[in-house]
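For reference, the structure discussed in these notes is given below.
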Amino acid sequence: MMMAGKCPLKWLLLSLLCHLTVTLAVTTTVPSPKKTYIVHMDKSEMPADSFADHLDWYASTLKSVVANPDSAEDDNTAGEAAQRMMYSYETAFHGFAARLSEEEAERMEEGLGVLGVFPETVYHLHTTRSPMFLGLETEDSTSVWSDALTDHDVIVGVLDTGIWPESPSFNDTGMSPVPPRWKGACETGRGFTKHNCNRKIVGARIFYRGYEAASGKINEQDEYKSPRDEDGHGTHTAATVAGSPVEGANLLGYARGTARGMAPKARVAAYKVCWAGGCFSSDILSAVDRAVADGVNVLSISLGGSVSSYYRDSLSIATFGAMEMGVFVSCSAGNGGPDPISLTNVSPWVTTVGASTMDRDFPSMVKLGNGQMLSGVSLYKGRRILSTKQQYPLVYMGSNSSTPDPSSLCLEGTLDPHSVVGKIVICDRGVSPRVDKGRVVKEAGGMGMILANTAANGEELVADSHLLPAVALGAKAGKAVKQYTLTNSHPTATLAILGTKLGIRPSPVVAAFSSRGPNFLTPEILKPDLVAPGVNILAAWTGKAGPSGLPSDHRRVRFNILSGTSMSCPHVSGVAALLKARHPEWSPAAIKSALMTTAYVHDNAYHPLRDASTGAPSNPFTHGAGHINPLKALDPGLVYDMGVQDYFEFLCTQKLTPLQLKVFTKSSNRSCRHILANPGDLNNPAISAVFPEQSSVSVLTLHRTVTNVGPPISTYHAKVSQFKGASVEVEPRTLHFTSKNQKLSYKITFTTKTRQPIPEFGGLMWSDEKRKVRSPIVITWMAPM
Ligand SMILES: *[C@@H]1O[C@H](CO)[C@@H](O)[C@H](O)[C@H]1NC(C)=O
Ligand SMILES: *[C@@H]1O[C@H](CO)[C@@H](O)[C@H](O)[C@H]1NC(C)=O
Ligand SMILES: *[C@@H]1O[C@H](CO)[C@@H](O)[C@H](O)[C@H]1NC(C)=O
């Protein structure tokens with residue numbers, strides 16, 4: 001109380017002073033507002049005798065640009081510089097983050113040993129925010145066999161929104177002590193004590209300086225400034241990676257089952273980098289740096305930003321450093337589909353994961369007044385169950401033109417209660433979050449909702465736990481329902497919500513929202529690398545938010561269902577942890593290769609994988625090498641292995657300046673040996689042949705080396721698909737291995753027959769009777785300018 005009395009006066013004085021300084025400053029130079037910059041440093045350029053260590057050197061570098069030439073007070077400048085320093089980065093890459101004005105950032109670029117100065121960027125979680133309301137086990141082919149593996153001393157770092165430690169998915173009963181090599185920590189704060197870490201959650205840290213610098217101090221009443229997860233996303237992804245089995249997971253009596261992560265005996269370390277206001281690159285970088293130093297084996301990163309270049313993308317630089325330290329990194333591809341060229345996280349050293357469906361569905365029916373039945377999906381019947389015998393009036397606020405308008409999209413403030421009270425409202429998908437449309441309908445007095453896909457989403461059905469009874473329909477059924485509603489004077493319908501169904505065919509199907517190639521930065525590197533389950537995924541949830549994530553949702557659930565490449569990424573992280581447990585000596589590239597070459601490209605009806613956005617077969621720009629097949633990945637036979645220098649040689653083909661390359665080499669003496677004739681020569685499991693515009697180039701030869709990780713004596717034969725535009729020769733066509741870890745090389749030569757206007761897809765398979773080592777092939781003829 002005393003403080004409260006004193007504060008205003010003090011504050012007033014301060015603000016007057018502040019006002020004064022600002023006014024003065026304006027008359028001299030106009031200072032631009034300070035922003036966070038990430039400064040990449042070349043440690044080897046530190047003047048040898050002048051500094052105690054590189055931190056001292058970074059501080060001095062910062063001081064030299066912050067220094068006000070008019071100020072005689074050197075101590076003040078040092079103090080000011082110290083305050084501006086936010087992070088120093090040591091492990092995954094070298095440098096620091098600091099608050100700088102634009103002019104200071106420009107001066108910084110001239111500094112000794114400064115490789116680059118980049119403004120902070122904001123990254124986003126790759127969830128489609130499509131939670132639903134059910135308790136079922138995450139039953140897919142990968143969860144059964146994982147029991148067979150023991151002694152997982154693999155630690156997976158999850159960069160996300162934190163963790164809800166009370167979730168039974170993080171129960172550590174029966175787990176062995178934390179391996180002594182682990183250097184992580186359990187940071188405490190509001191709602192999070194040392195006791196919240198255990199043998200399952202072996203580390204929990206927070207990274208918020210970039211966030212606070214951009215958005216102001218975290219209001220501790222609104223947001224936990226601790227590893228505790230109030231959003232739910234981080235709890236969900238961590239549990240998908242390594243959640244302990246939880247029997248009888250169920251929700252309000254809905255289906256019961258065992259929920260478990262992909263690697264139920266692996267351990268997780270939560271690195272909270274995402275906050276209510278976003279995920280900031282300086283924080284993400286610090287977390288990757290810290291996680292690598294802590295000793296994680298796998299990093300799971302379900303977020304991304306926009307891609308402009310390898311050396312400007314903080315995640316690309318940090319994950320290069322992680323790969324260098326032997327850490328496998330899996331990242332979400334993004335939810336920008338079905339638009340082409342919508343990928344994020346395209347660096348070849350990370351595994352980029354797209355999303356597909358599982359064989360589980362939540363069927364429901366819409367029965368129209370004319371007797372027509374349309375099938376869709378739903379999870380929430382509502383508290384007041386609609387009678388399936390009674391028909392309810394149906395309303396659609398749009399027209400029969402194919403373009404949705406604000407009220408057909410059920411955007412905030414567009415529904416007139418007079419028109420919707422007591423009715424089932426048809427809303428078009430798009431623009432606003434799906435669950436938010438349900439809220440808008442409910443608040444306007446609607447009884448229920450039919451959420452209709454537009455052409456962009458095709459027949460992909462994502463179930464949500466809406467705040468009212470709702471059924472999601474594909475584009476075709478949606479069109480029928482709208483047509484009926486617009487052409488009848490008294491349209492009616494009823495909704496029947498039928499529960500859970502397993503064994504859905506076809507599945508998997510690649511999600512319409514899953515981001516697609518081609519890879520904008522380097523078409524020779526096929527992305528995504530593969531797909532994994534990312535639609536309607538059940539996993540642990542926070543106790544702090546309802547399943548829809550809407551502030552007005554007061555339901556509390558222990559498990560929730562989400563969709564997004566955010567959900568498929570941790571599946572791959574978990575399976576990578578299993579491979580690491582089984583084959584501790586495998587490099588990140590070997591693990592990635594095993595996952596890719598064993599992936600399958602057909603569905604459970606034995607047809608080629610389909611694309612939910614079109615219903616037609618999908619292609620490698622959508623599914624990469626195919627759908628993960630964890631059991632097969634344990635015994636891939638051959639791997640396309642690579643080390644740090646290989647990835648660096650790839651960067652040498654990317655027209656980076658020596659200074660830009662230095663960001664990746666750091667203080668090592670690594671240099672370009674120019675051994676790759678073409679970026680497509682990188683020893684990637686996927687093969688992408690890109691013919692330049694000049695039609696004079698009609699022959700392209702790419703090289704690959706495979707390492708035998710199967711039986712010492714084995715023979716593999718090549719089989720390659722036929723293409724319209726080119727003939728393809730593999731040489732040699734047979735590989736005889738005589739020892740384990742033996743490396744053999746082959747060439748694959750593409751000779752253009754007729755340049756094709758669109759890329760052609762196929763595959764190369766090396767087979768030894770028992771194992772099939774498959775590479776997707778893409779041939780692209782660049783159009784003349
Ligand atoms: C953890 O799991 C064990 C064994 O399944 C069980 O006995 C115990 O009650 C669980 N603890 C919590 C906090 O759920
Ligand atoms: C829209 O409906 C009106 C009236 O039923 C009809 O005349 C018109 O052809 C329809 N337009 C389209 C594009 O279906
Ligand atoms: C680079 O460094 C490694 C070890 O740090 C050393 O073995 C090698 O000879 C160096 N190469 C050059 C070209 O200096």
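Below, each value reflects all heavy atoms present in this structure, side chains not excepted, and no hydrogens, waters or symmetry copies. Atoms within each ligand, like the ligands themselves, are counted from 1 in listed order.
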Notebook entry, point to check: Between Trp541 and Phe559, does the ring centre distance come in under 6.0 Å?
Noted result: no

Notebook entry, point to check: Protein heavy atom under 4.0 angstrom of atom 13 (C) of ligand 1, is there one?
Noted result: no

Next item on the list: Around atom 3 (C) of ligand 1, find the nearest protein heavy atom and jot down its residue, atom name and distance.
Entry: Thr173 OG1, 3.4 Å

Item checked: Flag if over 12 foreign heavy atoms under 6.0 Å of CD, Glu247 -> no

Next item on the list: For atom 5 (O) of ligand 1, decide whether some protein heavy-atom distance is shorter than 4.0 Å.
Entry: no

Check: For atom 2 (O) of ligand 1, which protein heavy atom lies nearest, and how many Å away is it?
Finding: Asn171 ND2, 2.3 Å

Next item on the list: Spell out, with a plain yes or no, whether Cys331 and Cys569 have SG atoms under 2.5 Å apart.
Entry: no

Next item on the list: Calculate, to the nearest 0.5 Å, the distance between atoms OG and CG belonging to Ser356 and Leu609 respectively.
Entry: 7.5 Å

